[in-house]
**Q** 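Structure below; questions to follow.
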Protein chains: 2
Amino acid sequence: MVTDNPRGERMPTLEMVAARAGVSRATVSRVVNDSPKVTPEVVQIVNDAIAALNYVPNRAARSLASRRTQVIALVVPESTARLFADPFLASIVQGVALRLSETDYTLNMLIASESRPEKTRRYLMGGNVDGAIVVSHHRGDHSYAHLGQALPIVFGGRPLNDLDDESYFVDVENELGAQRITDYLIASGRKRIATIAGPQDMPPGVDRLAGWRSAMRANALDDSLIEIGDFSPASGAEAMRRLLDRGEPFDGLFAANDQMAAGAYSVIHEAGLTIPGDIAVGGFDDDYYAATSTPGLTTVHQPSSRLGGTMAEVLVKLIEGEEVERVTMMPTELVVRNSI
Amino acid sequence: MVTDNPRGERMPTLEMVAARAGVSRATVSRVVNDSPKVTPEVVQIVNDAIAALNYVPNRAARSLASRRTQVIALVVPESTARLFADPFLASIVQGVALRLSETDYTLNMLIASESRPEKTRRYLMGGNVDGAIVVSHHRGDHSYAHLGQALPIVFGGRPLNDLDDESYFVDVENELGAQRITDYLIASGRKRIATIAGPQDMPPGVDRLAGWRSAMRANALDDSLIEIGDFSPASGAEAMRRLLDRGEPFDGLFAANDQMAAGAYSVIHEAGLTIPGDIAVGGFDDDYYAATSTPGLTTVHQPSSRLGGTMAEVLVKLIEGEEVERVTMMPTELVVRNSI
DNA sequence: TTGAAAGCGCTAACAG
DNA sequence: CTGTTAGCGCTTTCAA
């Protein structure tokens, strides 16, 4: 007895197409897979039959026979996923999905439970996917790096530990971007510029601070006004308070991301100071907040959606055996609004 | 000749487990699928063999044989996906993914190209998934409704056209939420309350306006101060300007979403008015902006992540043949900050 | 309770 | 260029 699918319907099979077209199943398979060695007329006949029957190849069967799944996993660590709708992450996912929708690959989004890491590991290694994209919120977490030998993997962001030179990753030019906006602050005439840096155990935190510092030093300006936050608005606010409490006057601020800039904004306003009059503020990310704040935040645009798209692209090449650079850097762009 | 997988490795098969455990493949299959009729000892032996070999069942083979895929599609219309990192959508996706990660279903996220709708349709109907979740940014777009007869589908948001009483959907209590925050504005002593409504061709736009209106009428207040926006910050700013230009004074405002409230904020500030001193402002969504704005926006919390989780839950029940209500409403919650 | 056997729908040598 | 022939790894009757 043949079991029908859950909806009780039979789907047309390749065999039925073959029968209708009067050719062998192999030929139909060739047509479906765009094999070059099939006569145009036959292609035509087969395609007609396919259209008539409304035939759709069965992925499972295809995958079983070809030993390829045409599935790409997008791995998001649970802690990352729980972050309250992180816009950066969302854009990346969007970029991956959009790019992949143009290919024959299917996107399998999976949340990596941190309490049961083997579950994810097994899934990835169980032959269920052709490759994986791993994104972890800014963390440079390459804990899946060791799987890279067995499965093509592309990471978002450079690894935290630079010794890891085996994994493929796509990153943003954090340092250069930070340097550029700091230069812009300087060009606007500011001389005393503070920074609210990100966590120093996250690559973007480190790199953006480095960018600020190198711009300051290149212009022989004091680079001691540093406070650290954790990329959250609240931490930005606190860092801003500490900065003001130092009692050393300053007229410029570079926040390592827009959310911290948002926190700083509120403290600056509370203190009765104006932006950019008293303090010019620069951010990083160009997220949702940057555009809606008052005054609009001058910031560094991070191509998060393109970042996702590029990760997808790199992975597909990797899967298909093409040559790819281990490191792909995405350029940033200065977005001038009204805060500097 | 046998072709190996892309990485050139052989994965352990059920057959190998059977051999090692000294039982038949059928028995191993039963153990893997928790069949009740297997002797505990045998289960033990088989599980040991599975562990020893690090066996992971092959999804494709399983799906081919059982005619079930264990895959759920999350369909996002392209136009929705392109929205600049919509935080609402992101939370929903997150909720779906988190909920599904606890089940044996796998999440297949797919962008529905609007230029080639058949591609998505064929994919869904091609036996590639066991069910689908369709989210479209606020639109109540049930254009896949007709597929509902052939494939279990759950929609996010009620349909635009109420005649559609065949599809399953999960929605938020928009009207009640709007009514509640309007009541709160009234309770704060405001008498002249305007609203910036959402598009009247989107269910949430309609429902939130209705909620505002019913609260106003119940309190015998004038409900004529209405301007329409499109849920974007810019449209909120424009609507606010039109409201001010009317010359009719008002001391309260309900914006149908936080983004429009954000736009209104900037116009209010530009006009030299204070919040909540001159105008108290209420929003809807409790998105990222609401928490970071100055003053913090009092708004209606939308359980977007739980919404996603619930959609996943409903779909799984539907797939597994359990009874489910066609309509599931999620409650909202008033979040009090400093704008009222 | 367990095993044997027959596919699920497709791809991929190999022949012709 | 096309057809024949084996499977891919698993589930599922049916018999034992």
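Since the model is a prediction, treat every value here as computed from it, not as a measurement. Chain naming here is simple, since letters A, B, ... match the order of the sequence lines and numbering starts at 1 in each.
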**Q** Over how many whole Å does the gap from A:Arg30 atom CZ to D:dT2 atom C1' extend?
**A**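 In whole Å, D:dT2 C1' and A:Arg30 CZ are 6 Å from each other.
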**Q** Give, ordered by number, those residues of residues 49-61 of chain B having at least one heavy-atom distance below 4.0 Å to an atom of DNA chain D; if nothing qualifies, reply none.
**A**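 Contacts with DNA chain D under 4.0 Å: B:Tyr55, B:Pro57, B:Asn58, B:Ala61.
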**Q** Whole angstrom is fine here: how far is it from CG in A:Leu64 over to C1' in C:dC8?
**A**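 Roughly 9 Å, once rounded to whole Å.
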**Q** Return no unless some side-chain N or O of B:Ser66 is found under 4.0 Å from OP1 or OP2 of D:dT11.
**A**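 It does not, given that no N or O in the side chain of B:Ser66 lies less than 4.0 Å from OP1 or OP2 of D:dT11.
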**Q** Counting the atoms with a prime plus P, OP1 and OP2 as sugar-phosphate, which does A:Val32 contact under 4.0 Å by heavy atoms, base, sugar-phosphate, or nothing?
**A**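 No contact.
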**Q** Nearest to the side chain of B:Ala26, heavy atoms from C-beta on, is which of C:dT2, D:dT12, C:dG7?
**A**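 Nearest nucleotide to the side chain: D:dT12.
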**Q** Do the side chain of B:Arg25 and the main chain of B:Ala19 share a donor and acceptor less than 3.5 angstrom apart?
**A**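 Checking the backbone N and O of B:Ala19 against the side chain of B:Arg25, no donor-acceptor pair under 3.5 Å is found.
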**Q** When the distance from CG of A:Asp34 to C1' of C:dT11 is rounded to whole Å, what number comes out?
**A**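 Going from CG in A:Asp34 over to C1' in C:dT11 covers 15 Å.
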**Q** Hey, is the main chain of A:Asn58 close enough, under 3.5 Å, to the side chain of B:Asn128 for a donor-acceptor pair?
**A**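 Not confirmed, B:Asn128 side chain does not pair with A:Asn58 backbone.
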**Q** From CD of B:Glu15 over to C1' of D:dC8, roughly how many Å is that when rounded to an integer?
**A**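 Atom-to-atom, B:Glu15 to D:dC8, this comes out as 12 Å.
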**Q** Given 3.5 Å as the limit, does a donor-acceptor pair link the side chain of A:Lys119 with the main chain of B:Ser101, or not?
**A**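 It does hold such a pair.
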**Q** Measure the distance from NZ on B:Lys37 to C1' on C:dT1 and round it to the nearest whole Å.
**A**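 B:Lys37 atom NZ is separated from C:dT1 atom C1' by 9 Å.
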**Q** Is the phosphate of D:dC10 approached by B:Arg25 (side-chain N or O, under 4.0 Å from OP1 or OP2)?
**A**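 Answer no for this pair, as no side-chain N or O of B:Arg25 is under 4.0 Å from OP1 or OP2.
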**Q** Examine C:dG9: is either OP1 or OP2 under 4.0 Å from a nitrogen or oxygen in the side chain of A:Thr13? Give yes or no.
**A**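 Answer is no, no contact under 4.0 Å.
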**Q** Counting distance only, does the side-chain N/O of A:Thr310 pair as donor-acceptor with the main-chain N or O of A:Arg306 below 3.5 Å?
**A**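 Yes, A:Thr310 side chain to A:Arg306 backbone: donor-acceptor pair under 3.5 Å.
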**Q** Does atom CD of A:Glu320 have more than 12 heavy-atom neighbours from other groups under 6.0 Å away?
**A**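 For A:Glu320, atom CD is crowded (more than 12 foreign heavy atoms under 6.0 Å).
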**Q** Checking all strands, does A:Val28 fall into the base, sugar-phosphate, or nothing category for heavy-atom contacts under 4.0 angstrom?
**A**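 Touches nothing.
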**Q** Counting N and O atoms only, with roles assigned by atom type, does the side chain of B:Asp130 sit under 3.5 Å from a partner on the main chain of B:Gln70, one being a donor and the other an acceptor?
**A**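 Looks like yes, one N/O pair under 3.5 Å.
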**Q** Strictly distance-based, threshold 3.5 Å: is any side-chain N or O of A:Ser305 a donor or acceptor partner for the main-chain N or O of A:Ile92?
**A**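 No, the answer is negative, given that no donor and acceptor are paired below the 3.5 Å cut-off.
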**Q** For C:dG7, does the base pair up with any side-chain atom of B:Arg67 as donor and acceptor (N or O, under 3.5 Å, distance only)?
**A**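 Looking at the base of C:dG7, it does not pair with any donor or acceptor on the side chain of B:Arg67 (distance under 3.5 Å).
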**Q** Find the distance between CZ (B:Arg121) and CD (B:Glu118) and round it off to the nearest 0.5 Å.
**A**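 Output value for this atom pair is 9.0 Å.
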**Q** Identify the heavy atoms of A:Leu318 and A:Ile153 that sit nearest to each other, and give their distance.
**A**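 Heavy atoms only, the tightest pair is CD2-O, 4.1 Å.
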**Q** What is the distance from CE of A:Met16 to C1' of C:dC10, rounded to the nearest Å?
**A**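 Whole-Å distance recorded here is 15 Å.
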**Q** Within the pair B:Thr39 and C:dT2, is there a side-chain N or O less than 4.0 Å away from OP1 or OP2?
**A**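 Checking B:Thr39 against C:dT2: at least one side-chain N or O falls below 4.0 Å of OP1 or OP2.
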**Q** Starting at CD1 of B:Ile45 and ending at P of C:dT1, how long is that distance when rounded to a whole Å?
**A**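 My rounded result for the distance is 16 Å.
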**Q** Side-chain N or O of B:Thr27 less than 4.0 angstrom from OP1 or OP2 on C:dT2?
**A**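 Answer is no, no contact under 4.0 Å.
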**Q** Mind grabbing the angle between the end helix axes of the helix from C:dT1-D:dA16 to C:dG16-D:dC1? Five pairs an end, 10° rounding.
**A**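 One end axis against the other gives 30°.
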**Q** May I ask you to say what B:Val23 touches in the nucleic acid, namely base, sugar-phosphate or nothing, with a heavy-atom cut-off under 4.0 Å?
**A**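 Sugar-phosphate, backbone atoms only, no base.
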**Q** OP1 or OP2 of D:dT11 less than 4.0 angstrom from a side-chain nitrogen or oxygen of B:Ser29, does that happen here?
**A**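 It does, given that an N or O in the side chain of B:Ser29 lies less than 4.0 Å from OP1 or OP2 of D:dT11.
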**Q** What is the distance, rounded to the nearest whole Å, between atom CZ of A:Arg68 and atom P of C:dT11?
**A**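 Going from CZ in A:Arg68 over to P in C:dT11 covers 9 Å.
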**Q** Distance-only, no hydrogens or angles: does the A:Thr13 side chain make a donor-acceptor pair with backbone N or O of A:Glu15 under 3.5 Å?
**A**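 Side chain of A:Thr13 to backbone of A:Glu15, a donor-acceptor pair under 3.5 Å: yes, one is there.
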